[in-house]
Amino acid sequence: MEIRFYNSLTNQLEAFQPIEQGQVKMYSCGPTVYDFAHIGNFRTFLFGDLLRRFMEFAGYDVQHVSNITDVGHMTDDADEGEDKMEVAMSKLKAGKKSYQVPDGAIENPNDPYQIADFYTAAFIEDSKRLGYRIAFENPQQCLPKATDNIDGMLAMIRQLIDRGHAYVANDGVVYFSVESFPEYGKLSGNTLEQLQSGAGGRVTDENQSSKRHPADFMLWKPDTHHIMKWESEFGEGYPGWHIECSVMASKMLGSEVIDIHTGGEDLIFPHHECEIAQSRCASGESAFANYWIHARFLFVEGKKMSKSSGTFYTVRDVMEGNFKKGAETDELWGKKVDPAVIRFELIKSHYRDNLNFTAKGIEDSANQVRKLIEFRAKLEQQAGDEVVEVGLDHPVLQNFGKALANDLNISEAMAVVNKFLSAPIENPAESLAVFKQINAVLSVAPINEGMDPALLPESAGEDADLEAVLENLCKEMDAARAAKDWGTADGIRDKIREMGFEIRQTPEGTVIQKELA
RNA sequence: GGCGUCGUGGCCAAGUGGCUAAGGCAGCGGAUUGCAAAUCCGCCAUCGCCGGUUCGAAUCCGGCCGACGCCUCCA
């Protein structure tokens with residue numbers, strides 16, 4: 001199976017060729033932890049997850065690493081703007097965060113580490129709920145924190161200075177010299193001349209005076225007043241934004257050249273351009289990552305997510321049904337949405353298209369997920385204890401894999417899955433084995449299959465009492481229907497629906513299932 | 001202005017020169033049902049616009065229009 005991806009570095013589809021046979025070293029730019037993650041963040045993260053799961057499906061041994069950015073960087077390279085962490089603190093104190101923080105969850109809102117820890121934990125919880133596999137792995141290895149890797153950053157900075165790629169400017173700031181790296185701009189298609197003339201209006205002359213070239217970017221900033229600071233020979237201060245990814249990617253993946261690097265499309269420039277410059281200049285290698293794969297932004301009801309239009313949704317908002325029912329209304333969805341539905345909604349569009357998050361989409365996704373869940377239940381019931389092994393040469397898996405191998409064509413892959421769902425079941429045990437392999441990639445029916453329950457976030461409800469109550473209601477329903485007592489039967493149906501469950505009649509009697517959305 | 005991605009039915013979305021343009025959701029008709037739900041069967045598009053290449057184009061080329069992103073906060 002030839003696997004092809006669109007490589008942002010070359011702007012074309014390329015056949016994937018691992019550095020080491022059978023291995024994939026993959027890095028995904030992770031979240032900043034000054035607030036709860038929003039659905040746009042997770043669109044990108046889950047795209048990385050889908051990619052990773054597919055590579056495993058295809059037989060690769062995948063090492064996946066993502067960062068936790070817990071350093072409160074300034075908003076630009078100069079002293080302009082407020083530090084992110086300080087902004088988080090003041091918002092926290094004013095109760096203005098996008099989602100309420102429980103009382104006492106952060107003891108001291110003046111301690112940036114406590115804030116970062118709180119939101120890191122929230123991110124990991126969201127990740128687990130949405131089936132982001134990396135969150136279940138060893139966090140030291142797979143979800144490193146920037147603040148745990150300052151030494152490594154300083155080491156890389158020294159190396160860059162030694163090799164003539166970085167310098168200490170007269171204001172004491174350490175900058176990377178973009179002119180020392182001829183290929184700076186290759187990823188984004190920029191040239192130094194264009195960058196100079198463009199400048200986006202955000203760079204003022206006084207910021208630039210100490211740099212050798214206007215595009216030079218900060219590696220270390222001495223600043224004793226910064227809220228998070230570390231000792232170094234360059235003065236007590238803090239690292240630049242880009243250096244953490246260069247350092248953690250190669251350290252955690254154990255290689256100066258990695259296979260795949262993913263992130264949102266906005267990171268192409270400057271972040272990834274700068275990562276490439278730093279890493280390649282430090283390593284002397286001809287590449288940092290062989291494949292750069294970027295996901296497009298998510299929209300909400302056809303427009304860019306925005307706080308002013310009330311469409312800036314965190315993952316938690318969506319889970320709680322705290323999002324608008326449509327573009328023309330302020331009415332909220334109002335019901336909980338199952339994480340599997342959110343996951344599917346966020347992965348169902350091709351990564352190089354804008355994903356349009358809509359209430360309608362949630363409804364569609366819920367139907368699709370329900371179909372998958374019910375199909376699986378049917379297979380399990382029919383297969384009984386029989387277990388069959390299937391390989392990738394199974395026709396369904398072959399077509400499923402072929403679709404995803406083509407630049408992660410999830411739509412075509414779902415067409416394969418849906419045909420599989422509607423075809424007659426000849427061998428339930430075999431079909432179940434096929435389904436499990438598909439679900440290892442999609443991870444929606446169920447989500448987080450095979451994960452250690454101890455690692456899962458506490459799930460609400462699911463207690464034995466509730467199950468007993470529901471089972472009783474089913475029996476009462478069946479009895480009422482058998483007695484043709486339609487009034488009672490309808491009453492029971494209403495009650496079950498109010499409890500958040502779907503109800504349907506089957507030849508075997510009344511069956512209920514948790515409402516997905 | 002520079003560099004990119006994209007434009008297929010009501011919505012989401014395949015299609016990488018040639019059988020009747022995948023699949024999902026919604027809708028419509030029918031079967032089923034105490035009524036529903038679910039399920040099953042059937043129906044529902046000529047591909048942003050214009051021109052070109054070709055025996056033949058949604059698919060290739062050129063132009064135009066439109067959406068989106070980046071050009072030092074941003075997934």
Side-chain angles (χ1 to χ4, degrees), chain A residues 4 6 8 11 13 28-32 37-48 73-78 80-84 87 178 185 187-191 193-203 207-208 214-218 241-242 262-274 294-299 302-305 344-345 348-350 352-356 358 360-361 363-368 370-371 374 403 406-407 409-419 421-422 481 484-487 489-490 493 497 502-507 510-511 513:
Chain A
R4 299 190 307 161
Y6 185 88
S8 305
N11 288 327
L13 284 172
S28 296
C29 278
T32 50
H38 56 72
I39 53 175
N41 294 324
F42 267 95
R43 190 271 158 109
T44 301
F45 299 153
L46 292 179
F47 143 70
H73 299 283
M74 288 293 187
T75 50
D76 60 36
D77 284 350
E80 300 286 309
E82 273 184 289
D83 182 86
K84 294 274 200 58
V87 172
V178 294
L187 176 69
S188 57
N190 284 315
T191 63
E193 296 71 51
Q194 283 158 0
L195 285 171
Q196 209 167 167
S197 57
R202 293 180 217 169
V203 183
N207 307 152
Q208 301 289 17
D216 286 354
F217 56 91
M218 190 187 105
W241 170 39
H242 317 299
T262 70
E265 59 177 330
D266 58 319
L267 294 184
I268 293 172
F269 191 89
H271 188 53
H272 289 163
E273 195 74 77
C274 295
H294 294 97
R296 291 208 64 179
F297 268 19
L298 168 146
F299 284 6
K303 293 198 181 117
K304 202 172 170 181
M305 261 201 318
F344 187 76
E345 174 70 9
K348 76 178 183 188
S349 292
H350 186 86
R352 277 192 293 127
D353 273 319
N354 288 114
L355 180 150
N356 191 15
T358 61
K360 177 82 161 47
E363 212 175 298
D364 292 357
S365 292
N367 281 325
Q368 177 73 71
R370 185 175 41 69
K371 272 174 82 162
E374 291 186 348
N406 181 20
D407 200 28
N409 189 338
I410 184 72
S411 302
E412 197 186 330
M414 285 314 297
V416 173
V417 172
N418 279 309
K419 275 181 190 157
L421 257 55
S422 55
R481 293 185 74 241
K484 296 193 192 288
D485 181 355
W486 311 130
D490 289 347
R493 180 156 63 202
R497 283 187 176 154
E502 290 171 3
I503 180 167
R504 61 188 51 108
Q505 308 303 329
T506 72
T510 302
V511 171
Q513 194 200 23

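Values below: every heavy atom of this structure, side chains too, minus hydrogens, waters and symmetry copies. Chain letters run A, B, ... following the sequence lines, proteins first, then strands; residues in each count from 1.
Note on A:Phe42: nothing from the nucleic acid sits closer than 4.0 angstrom, heavy atoms only. Among the protein residues, A:Phe269 comes within range of the sugar-phosphate backbone only, with heavy atoms under 4.0 Å from sugar or phosphate atoms but none that close to a base. Within the nucleic acid shown, A:Gly263 comes within 4.0 Å of sugar-phosphate atoms alone, with no base atom in reach, counting heavy atoms only. Among the heavy atoms of the strands lying under 4.0 Å from A:Phe299 are primed sugar atoms or P, OP1, OP2 only; no base atom is included. Among the heavy atoms of the strands lying under 4.0 Å from A:His38 is at least one base atom, whether or not backbone atoms are also near. Note on A:Ser349: only backbone sugar-phosphate atoms sit closer than 4.0 angstrom, heavy atoms only; bases stay farther off. Counting any heavy atom pair closer than 4.0 Å across all strands shown, A:Ile268 reaches no nucleic acid atom. Residue contacts for A:Lys360: at a heavy-atom cut-off of 4.0 Å it reaches a base atom on one of the strands shown. Counting any heavy atom pair closer than 4.0 Å across all strands shown, A:Ile410 reaches no nucleic acid atom.
For A:Gln505 and A:Lys371, each mapped to the nucleotide of RNA chain B holding its nearest heavy atom, the one lying further toward the 5' end belongs to A:Lys371. Mapping A:Arg504 and A:Asp490 onto RNA chain B by nearest heavy atom places A:Asp490 at the nucleotide closer to the 5' end.
For B:rU5, the base has a donor-acceptor partner in the side chain of A:Arg296 [N/O atoms by modelled type, under 3.5 angstrom].
With sequence neighbours left out, the ring-ring contact (aromatic ring centres under 6.0 Å, His included) criterion links A:His350 to no other residue.
Between the P atoms of B:rC74 and B:rA37, the separation comes to 50 Å (whole Å). B:rG42 and B:rC6: their C1' atoms are spaced 35 Å apart (whole Å). With both ends at atom C1', the span from B:rC68 to B:rA31 equals 46 Å, rounded to whole Å.
By the 30° and 60° cut-offs, the orientation of the rings of A:His271 relative to A:Trp241 is parallel.
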